[in-house]
Engineer: 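I am attaching a structure below and will ask some questions about it afterwards.
Being a predicted model, the structure only gives us computed values, none of them experimental. In the text below, chain A, chain B and the rest are named by the order of the sequence lines, each starting its count at 1.
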There are 2 protein chains.
Amino acid sequence: MERLPKRQRHQQLSRLVEENPFMTDRELTRLLKVSIQTIRLDRMELGIPELRERLKLMAERSYDAVRSLPLHEVIGDIVDLQLDKSGISLFEIREEHVFSRTGIARGHHVFAQANSLAVAVINDEIALTAAADIRFVRQVKLGEKCIAKAYVRSGGRSKAKVEVFTYVGEEMVFQGHFIIYRSAGEQVIEGGDERADRN
Amino acid sequence: MERLPKRQRHQQLSRLVEENPFMTDRELTRLLKVSIQTIRLDRMELGIPELRERLKLMAERSYDAVRSLPLHEVIGDIVDLQLDKSGISLFEIREEHVFSRTGIARGHHVFAQANSLAVAVINDEIALTAAADIRFVRQVKLGEKCIAKAYVRSGGRSKAKVEVFTYVGEEMVFQGHFIIYRSAGEQVIEGGDERADRN
DNA sequence: TACTGGATTAGTACCAGGTGATAGTAGCAG
DNA sequence: CTGCTACTATCACCTGGTACTAATCCAGTA
């Protein structure tokens with residue numbers, strides 16, 4: 001008896017289901033050339049739920065994702081905000097923010113937190129990022145909690161300078177100088193990001 | 001006979017299913033106090049598919065989203081790449097990238113495209129953004145296609161300077177100067193974003 | 001009054017895509 | 001020969017439906 005085929009089949013089965021979670025057991029029998037019972041035993045051993053459960057799980061995950069999307073409007077949770085003065089936001093680096101191979105956060109997420117905060121701290125209907133000068137001081141890794149602090153340095157009528165420093169614990173990981181256009185300055189010609197609601 | 005209840009029931013049914021797509025017909029009978037046949041006739045009339053079809057649809061949508069996530073590793077499609085010299089990427093502004101109220105792209109998406117490209121153009125195992133100086137020249141709106149062009153300006157052993165210009169048609173919408181750390185320079189101490197695979 | 005017709009309910013047959021249990025077969029090892 | 005693992009087969013049953021037929025209620029109307 002070939003001992004290998006079983007493990008190989010298990011690997012293949014896992015791979016197939018991962019690649020295409022919409023496959024029924026019957027379709028798998030055709031691909032793996034074993035009986036439907038074997039497929040089911042294999043799924044048991046591997047802890048792979050039945051088609052409907054898989055679809056339900058996916059649906060639930062995407063449903064949760066959709067429901068938590070409002071958080072996406074402002075990246076990070078704003079915990080303190082003194083309009084036109086300063087603000088603080090928290091942002092935890094999760095799976096979806098890191099480069100999977102190394103667990104290092106992708107730069108634009110760190111930037112996004114700072115950018116969102118810089119825009120939020122400006123007391124205007126519409127605020128847009130015009131320019132930024134940023135520095136990634138050190139890597140941020142999976143699971144680390146980023147604390148961004150923003151300070152409004154000068155507030156002209158049409159533009160404001162905002163400095164943002166992001167820390168993990170005591171350590172500074174990012175710093176940025178943002179120039180934010182505000183709607184008070186009549187037409188807004190330039191921009192990248194808008195004001196988000198404060199709630 | 002109460003004519004209203006039917007229309008009311010249809011409205012309620014639509015609302016209930018929209019709010020919680022995971023409800024079975026049986027659960028709906030309890031809430032709407034009608035027989036299961038009525039629920040099914042109502043679903044027919046309203047064109048609401050059965051539970052499993054709803055879940056399958058949701059799963060498919062989220063699966064498509066997940067499958068386009070590898071694109072998430074590099075934001076934008078890289079259409080041309082000359083390592084250590086230049087690169088071009090395309091990125092279309094879609095619903096999920098804009099501020100819903102105004103249809104203006106959120107800055108960090110435009111930044112992310114440029115950042116991804118700046119990192120991709122560097123010919124190294126690991127490349128991380130160390131610093132950036134960026135300017136949002138004008139707003140980018142829903143549906144616009146951003147063409148980012150990156151040029152490597154100077155390539156020291158441990159860092160490289162990359163300039164990125166993003167256009168919509170002929171018009172420049174973004175420009176950025178990036179300093180990218182490369183792994184050749186021994187330990188990588190700083191960083192924001194990693195190299196993504198080129199495929 | 002009886003008749004018509006929409007809304008509702010009831011019941012049946014059938015389906016996909018399974019679970020769970022039980023039994024049987026093939027092939028080799030001790 | 002016995003025991004073990006791997007695999008297959010079969011059957012009953014489950015959920016959440018579809019598709020169809022038939023009965024019932026109840027109102028308006030000829």
Side-chain angles (χ1 to χ4, degrees), chain A residues 1-69 95, chain B residues 1-70:
Chain A
M1 179 179 291
E2 306 157 44
R3 274 258 174 294
L4 283 176
K6 184 166 185 182
R7 306 211 168 157
Q8 278 186 2
R9 195 183 59 233
H10 277 195
Q11 286 194 330
Q12 282 191 33
L13 190 137
S14 302
R15 192 176 50 78
L16 283 168
V17 173
E18 186 138 2
E19 270 176 20
N20 181 5
F22 298 86
M23 258 200 277
T24 63
D25 287 358
R26 203 169 304 279
E27 289 174 311
L28 289 165
T29 61
R30 289 212 329 277
L31 295 172
L32 298 179
K33 317 275 192 198
V34 287
S35 74
I36 202 160
Q37 289 75 10
T38 304
I39 296 291
R40 286 169 182 170
L41 284 171
D42 287 355
R43 273 201 298 101
M44 289 272 217
E45 289 183 55
L46 294 168
I48 298 174
E50 65 170 291
L51 171 64
R52 289 155 178 169
E53 287 304 309
R54 295 198 297 269
L55 298 190
K56 195 176 172 188
L57 267 171
M58 293 174 71
E60 277 169 353
R61 273 210 306 272
S62 79
Y63 192 59
D64 290 348
V66 167
R67 302 192 69 175
S68 66
L69 244 172
E95 286 287 353
Chain B
M1 180 179 289
E2 306 157 40
R3 273 261 174 291
L4 282 177
K6 183 167 185 181
R7 306 213 167 157
Q8 279 186 2
R9 195 182 58 234
H10 277 196
Q11 286 193 330
Q12 284 190 32
L13 191 138
S14 302
R15 193 177 49 77
L16 283 168
V17 173
E18 185 136 5
E19 271 177 19
N20 181 5
F22 299 86
M23 257 199 278
T24 62
D25 287 359
R26 204 169 303 280
E27 288 174 313
L28 288 165
T29 61
R30 290 212 328 278
L31 295 172
L32 297 179
K33 317 275 191 196
V34 287
S35 74
I36 203 159
Q37 288 76 9
T38 303
I39 296 290
R40 287 169 180 171
L41 284 171
D42 286 356
R43 271 201 300 101
M44 287 270 217
E45 290 183 55
L46 295 168
I48 298 172
E50 63 170 292
L51 170 64
R52 289 155 178 170
E53 287 304 310
R54 295 197 298 269
L55 299 190
K56 196 176 171 187
L57 268 170
M58 292 174 71
E60 277 168 354
R61 274 209 304 272
S62 80
Y63 190 58
D64 290 347
V66 167
R67 296 194 69 176
S68 67
L69 248 173

Engineer: Taking the side chain from A/Arg54 and the backbone from A/Phe22, do they hold a donor-acceptor pair closer than 3.5 Å?
Structural biologist: no

Engineer: Through what angle, rounded to 10 degrees, does the axis of the helix from C/dT1-D/dA30 to C/dG30-D/dC1 turn between its ends, using five pairs per end?
Structural biologist: 30°

Engineer: Quickly work out the B/Glu53 CD to C/dC15 P distance and round it to whole Å.
Structural biologist: 18 Å

Engineer: Within a radius of less than 6.0 Å around CD of B/Gln11, do more than 12 heavy atoms belonging to other residues, nucleotides or ligands occur?
Structural biologist: no

Engineer: What one-letter contact string describes nucleotides 11-24 of chain D from 5' to 3', where B marks a base within less than 4.0 Å of any protein heavy atom, S marks contact via sugar-phosphate atoms alone, and - marks no contact?
Structural biologist: ----BBBBS-----

Engineer: If you apply the rule side chain to side chain contact (heavy atoms under 4.5 Å, CB included), what do you find for A/Arg9 with A/Gln12, and how did you get there?
Structural biologist: CA-CA 5 Å; A/Arg9 195 183 59 233; A/Gln12 282 191 33; 5.5 Å; no

Engineer: Start with the C-alpha gap between A/Gln37 and A/Arg40, add the side-chain angles, then the distance that decides, and say whether side chain to side chain contact (heavy atoms under 4.5 Å, CB included) holds.
Structural biologist: CA-CA 5 Å; A/Gln37 289 75 10; A/Arg40 286 169 182 170; 5.6 Å; no

Engineer: Closest to the B/Val34 side chain: C/dT9, D/dC7, C/dT8?
Structural biologist: C/dT9

Engineer: Got a donor-acceptor contact below 3.5 angstrom from the B/Arg52 side chain to the A/Leu55 backbone?
Structural biologist: no

Engineer: Expressed as a whole number of angstroms, how long is the span from A/Lys33:NZ to D/dC7:C1'?
Structural biologist: 17 Å

Engineer: Hey, are B/Glu45 and B/Lys6 close enough for a salt bridge, meaning a charged N less than 4.0 Å from a carboxylate O?
Structural biologist: yes

Engineer: To the nearest 0.5 angstrom, please state how far the CG atom of A/Leu41 sits from the CG atom of A/Leu46.
Structural biologist: 10.5 Å

Engineer: Regarding A/Leu41, tell me which of base, sugar-phosphate or nothing describes its non-hydrogen contacts under 4.0 Å with the strands shown.
Structural biologist: base

Engineer: Taking atom P of D/dC7 as reference, at what distance in whole Å does atom CZ of A/Arg7 sit?
Structural biologist: 12 Å

Engineer: Between atom NZ in B/Lys6 and atom P in C/dA7, what is the gap in whole Å?
Structural biologist: 4 Å

Engineer: How long is the line joining CD of B/Glu45 and C1' of C/dG6, in whole Å?
Structural biologist: 11 Å

Engineer: Quick one, B/Leu13 and B/Arg43 - any side-chain contact, counting heavy atoms below 4.5 Å?
Structural biologist: yes

Engineer: Any side-chain N or O of A/Thr38 below 4.0 angstrom from OP1/OP2 of D/dT8?
Structural biologist: yes

Engineer: Grab the CD1-P distance between B/Ile36 and C/dT8 for me, whole Å please.
Structural biologist: 15 Å

Engineer: Could you grab the distance from atom CG of B/Leu32 to atom OG1 of B/Thr38, nearest 0.5 Å is fine?
Structural biologist: 10.0 Å

